[in-house]
Every structure is written in structure tokens, then in C-alpha cells.
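To keep things clear, I will list the structure first and then write my remarks on it.
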Amino acid sequence: MTRETVVAGIDRIVRRHALKVDREDERARDFLYELAWISRDVSAEEEVFGVTGARNRIVIYGRLSGVGGLDAEASIFRVTWELQNEVASVTNPEWHSGRIPESVIEWFRPVFSDLEMEIGTGLNR
């Protein structure tokens, strides 16, 4: 997929789900979009481990994988996205990585499905 297709898809998803882009880093061979952290309630399975605060964000990476033509617009990128999870706990009140509960993954699944659809639709435009 092209950079333009991915960026347009990200823009639509950010607006649709009321998210915010916290950082963009675009270079010739790769790009990175970090969405802002979203605070959430601690899940029951996290409470068992003393988690007192939780937050998530989506990070989208693109890496040049080939050129479909002679111009930069035809460059093809491989895109991956990841859901990051940070927690604060009784034993460590600073934000640190934590295991993502299944319930949180399910909560974010519609966002990822929409992103996948937007990028796929963009390819067919």
C-alpha cells in the first residue's frame, strides 16, 4: 500500500474514533504514527496483580518494501500496527509495560478492523 493510502486511512480512523495523533515521524523509507495514550479503567484481571492505573495507545509503523513505479507516490509500504499497554501498580507507581488483558484487546478490535477496512478501501479507490 502507498503512504498516501495509509495516511488517509489513519486520518479517517482518528476522526471516527475521537483519537489523537501524538507524534508523526515520516521519512523516505519509513513512517511512524503514535496515537495519544487513552486512560482506561483497570480490568478485574489486572486488579489481582495490584494494578492501580492503566492506559493504551496504538502505534502504526510503515516500512518501504518496494517501488511500484518511477515516482515516490508509487512506493509500496508494509504496515504494522500494535496496541501498547502501560500500567501503574502498587509496587511500581511509574508507567511501565504490562500484559494486555483480553477484554482490552476486544475493546480496541473495532478500531483495528476499521483501520484495516479504510486502508483496504483506499487501495481500491
Side-chain angles (χ1 to χ4, degrees):
M1 55 202 74
T2 66
R3 181 189 310 254
E4 292 75 21
T5 300
V6 175
V7 171
I10 292 169
D11 183 54
R12 283 190 288 281
I13 293 309
V14 163
R15 285 185 279 124
R16 182 177 303 142
H17 292 277
L19 302 171
K20 180 180 177 251
V21 175
D22 199 33
R23 184 173 82 113
E24 298 175 35
D25 187 5
E26 292 193 23
R27 300 180 183 161
R29 300 190 63 78
D30 59 10
F31 60 86
L32 165 80
Y33 281 82
E34 289 179 350
L35 303 188
W37 288 103
I38 301 168
S39 295
R40 62 172 175 80
D41 292 335
V42 174
S43 73
E45 59 190 281
E46 290 172 314
E47 284 180 350
V48 172
F49 296 104
V51 172
T52 57
R55 65 184 187 174
N56 298 93
R57 74 173 174 187
I58 297 170
V59 179
I60 303 163
Y61 307 93
R63 183 150 202 85
L64 184 66
S65 65
V67 179
L70 297 177
D71 60 4
E73 291 179 7
S75 297
I76 307 300
F77 287 81
R78 177 174 300 278
V79 177
T80 58
W81 47 81
E82 117 182 62
L83 177 61
Q84 294 182 342
N85 188 63
E86 285 190 343
V87 296
S89 63
V90 174
T91 57
N92 185 356
E94 299 295 320
W95 289 115
H96 58 280
S97 294
R99 187 181 155 281
I100 304 174
E102 188 63 35
S103 60
V104 174
I105 292 170
E106 289 306 314
W107 190 86
F108 277 93
R109 193 172 305 283
V111 178
F112 287 104
S113 294
D114 283 353
L115 182 59
E116 187 173 51
M117 183 192 71
E118 285 294 340
I119 291 173
T121 301
L123 289 173
N124 294 322
R125 289 185 183 142

Residues in side-chain contact (heavy atoms from CB on, under 4.5 Å) contact with [X], at least two apart in sequence or another chain:
X	answer
Arg23	Asp25, Leu32, Glu34
Val6	Met1, Ile10, Phe31, Val79, Ile119
Arg63	Asp30

Any side-chain heavy atom of [X] within less than 4.5 Å of one from [Y]?
X	Y	value
Gln84	Ser97	no
Arg78	Tyr61	no
Val7	Glu24	no
Ser103	Arg40	no

Ser43 and Glu46: side-chain donor and acceptor closer than 3.5 Å?
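A pair is found: one side chain offers a donor N or O, the other an acceptor, under 3.5 Å apart.
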Do Arg99 and Asn85 have side-chain N/O donor and acceptor atoms under 3.5 Å apart?
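There is no such pair (donor and acceptor under 3.5 Å, judged by atom type) between the side chains of Arg99 and Asn85.
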For Asp41, all residues meeting side chain to side chain donor-acceptor pair (under 3.5 Å), sequence neighbours excluded
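Counting only residues at least two positions away or on another chain, Asp41 forms no side chain to side chain donor-acceptor pair (under 3.5 Å).
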Does this structure show an ion pair linking Arg16 with Asp114, if we count only N-O contacts that are shorter than 4.0 Å?
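Judged by the 4.0 Å cut-off on N to carboxylate O distance, Arg16 and Asp114 do form a salt bridge.
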For residues 82-96, which residue pairs qualify under salt bridge (Lys or Arg N to Asp or Glu O under 4.0 Å), counting only residues two or more places apart or in two chains?
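Only Arg55-Glu86 qualify under salt bridge (Lys or Arg N to Asp or Glu O under 4.0 Å).
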Quick one: name the residues clustered hydrophobically with Val90, using the 4.5 Å side-chain heavy-atom rule over I, L, V, M, F, W, Y, and just say none if it's on its own.
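Its cluster partners, ordered by chain and number, are none at all.
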Please name the pair of heavy atoms, one in His96 and one in Ser89, separated by the smallest distance, quoted to 0.1 Å.
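Closest approach of His96 to Ser89, heavy atoms only: CE1-OG, 3.7 Å.
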Where Ile60 and Trp81 come nearest, the two heavy atoms and their spacing:
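That would be CG1-CB, 3.9 Å.
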So, does Ser65 use its side chain to make a donor-acceptor pair with the main chain of Ile76 at under 3.5 Å?
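Confirmed, Ser65 side chain pairs with Ile76 backbone.
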